[in-house]
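Read through the structure below, which is laid out as structure tokens, and then see the notes.
Order of the sequence lines sets the chain letters (A, B, ...), proteins ahead of strands, with each chain counted from 1.
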2 protein chains.
Amino acid sequence: MNVTQTPFGLKLGAFMNLTVEESAELSQLHSRRKKFAHGTDMIYQGQPKQAAYVLASGWACSYRLLSGGERQIISFNIPGDFLGMRSMMAHNTDHNIEPVTRAEASEVLAADLSQTFKNSPRFTAAMLWAISRDEAILMEHLVGIGRRDAKERTAHLLLELHARLKLVKMTSSSSFACPLTQYLLGDALGLSAVHVNRVLRELREDGLVTFQHGEVEFQDLKGLIALADFDSDYLDQNGVLLN
Amino acid sequence: MNVTQTPFGLKLGAFMNLTVEESAELSQLHSRRKKFAHGTDMIYQGQPKQAAYVLASGWACSYRLLSGGERQIISFNIPGDFLGMRSMMAHNTDHNIEPVTRAEASEVLAADLSQTFKNSPRFTAAMLWAISRDEAILMEHLVGIGRRDAKERTAHLLLELHARLKLVKMTSSSSFACPLTQYLLGDALGLSAVHVNRVLRELREDGLVTFQHGEVEFQDLKGLIALADFDSDYLDQNGVLLN
DNA sequence: CGTCGGGTTGATAACTTTCAAATTTCGTGG
DNA sequence: CCACGAAATTTGAAAGTTATCAACCCGACG
């Protein structure tokens, strides 16, 4: 399969047009496929080797556990996302990444990556773009938890996921398949699962979105965007487009 | 003055021993001094040129405003911090940075920076370390707002600031000068200023910390660390020490 | 002096969690 | 293909945390 049609290729492709050589370089990076089942951490504290992955299929999430047992999900990862970049650069891993569904990911070795950086400055730029996009997502997440109420926050997350999935062609126009449980949503949004349930019901009763049977369907996209104060600029979908 | 004694030099020095050449390279980057008064944004949406700064003196903060007028402070910046790295890499600025006190900062041009990256791989590594440290701080901030209550969160922030300031020699063993208002703390912690006030009072009454007249004094450091579940690992103070 | 930003406190309202229990869905082995 | 148990969803009631509103105090500064 053409790399440019993989989620990773699609995502980088939004930022720049890949040349044939770059596509080749990319496939290189994108081999060494591994499978992960639910319950096996992909990245965890104190793991033996520094590894990073490109998620090829399935969803994952990175999180931190507090001493009291509470957990905060830092981010959800979808196909095309780069996992564990940070733990590769800093030499400590202070968070875990686990699959949300069965997942496949390509392992990326530090050495290969730095080689690719040398070979292709444009690819490097694209990676920097991806990294700062991740940081922007993290920032937006912080803003949501800090200053939006439960309903706005939840709506915002659903809209963000929709936009991100669109980039890798995993949505239809007004819905997407979503494997997250209400517990996972709660741990990401800083809410209890019970309250997530209530909020989803309210959103449904308001005729804005439904999330049932693993499917998120937008009934009133404009209304939801207004409620969540959602501005997709931070996702930078159009990219700056080198070339 | 020797660059290695500036906050920036001290900070990078925690990560690696700077050679004479690297120090020179660093001074280069660290010229072009600018002053900022309270109320003038250093970095803001739609600004004309891509700029980044190394904060030399004073405090700053980066924040985002919501449409409703609420604001969320993303991070506080202290001397030695690199500001606006992200807005330099991605070509959009989705947040503002403003000084908290009078501040001086050295402007860094994109061209100079990439030149320095080429000249010194070790310096580049140190910068990557600094960037991922910032991201770790952001993550910890997210965890705090999502899963810690007001008291724990506040305590955690004070401890973090203490640890970060220690690295640039701006603390005494159990206290530090803190120019933040309760409004700023609230906007960072996702709390109202009124509640910050109450929380600070409780912490004081518990005999843990006092924050009065611009001075934070730890009365019972161990107790506070226990309360906040503070683990300074994420600040990676010791660095990995190249050489 | 008078004003203004910041800090402090009390009372009330709003939002979210916790606890408990019932119901539904889903994966797996028989 | 069905039955079973585990996991996830749903709802109500009560408790807890934090926000909001309002008032007052204080010190810096023109």
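With hydrogens and angles left out, the side chain of B:Arg201 and the base of C:dG7 share no donor-acceptor pair within 3.5 Å. A donor-acceptor contact under 3.5 angstrom links the side-chain atoms of A:Arg198 to the base of C:dT18.
Across all strands shown, B:Ala193 has no heavy atoms under 4.0 Å from either base or sugar-phosphate atoms. Note on B:Gly186: nothing from the nucleic acid sits closer than 4.0 angstrom, heavy atoms only. Using a 4.0 Å heavy-atom cutoff across all strands shown, A:Gly214 reaches no nucleic acid atom at all.
B:Tyr234 and B:His156 have parallel rings, their planes meeting at less than 30° on a 0 to 90° scale where 60° marks the start of perpendicular. Aromatic ring pairs are classed by plane angle as parallel below 30°, tilted from 30° to 60° and perpendicular above 60°; the pair B:Tyr53 and B:Phe36 is perpendicular.
Taking a cutoff of 4.0 Å between a charged side-chain nitrogen and a carboxylate oxygen, A:Glu98 and A:Arg71 qualify as a salt bridge. Ion pair A:Arg198/A:Glu205 not flagged as a salt bridge, since none of the NZ, NE, NH1 or NH2 atoms sits closer than 4.0 Å to an Asp/Glu carboxylate oxygen. Between B:Arg204 and B:Glu217 there is no salt bridge, since none of the side-chain N atoms of the basic residue sits less than 4.0 Å from a carboxylate O of the acidic one.
Atom CG in A:Leu203 sits roughly 16 Å away from atom C1' in D:dT9 (whole-Å rounding). Between the P atom of C:dA14 and the NE2 atom of A:His195 lies a distance of 15 Å, rounded to the nearest Å. The distance between atom CD of B:Glu205 and atom P of C:dT8, rounded to the nearest whole Å, is 11 Å. Atom pair A:Asp149:CG and D:dT20:P shows a separation of 11 Å (rounding to whole Å applied). The nearest whole Å value for the distance from the CG atom in A:Leu191 to the C1' atom in C:dT16 is 8 Å. Spacing between atom CG of A:Leu189 and atom C1' of C:dC15 amounts to 15 Å, rounded to whole angstrom units. Separating the NE2 atom of B:His213 from the C1' atom of C:dG6 is a distance of 13 Å, rounded to the nearest angstrom. For the pair A:Ile145 CD1 and C:dT17 P, the interatomic distance rounds to 11 Å; values are reported in whole Å.
Contact between the side-chain N/O atoms of B:Asn197 and the OP1/OP2 oxygens of C:dG7 is not found at any separation under 4.0 Å. A close approach under 4.0 Å does not occur between any side-chain nitrogen or oxygen of B:Gln212 and OP1 or OP2 of C:dG7.
Between C:dG6, D:dT18, D:dT20, one nucleotide has an atom nearer to the side chain of B:Thr181 than all others, and that is C:dG6. Comparing atom distances between the A:Arg204 side chain and each of C:dT9, D:dT10, D:dA8 picks out D:dT10 as nearest.
Ranked by how close their nearest DNA chain D nucleotide is to the 5' end, B:Arg153 and A:Phe211 are led by A:Phe211.
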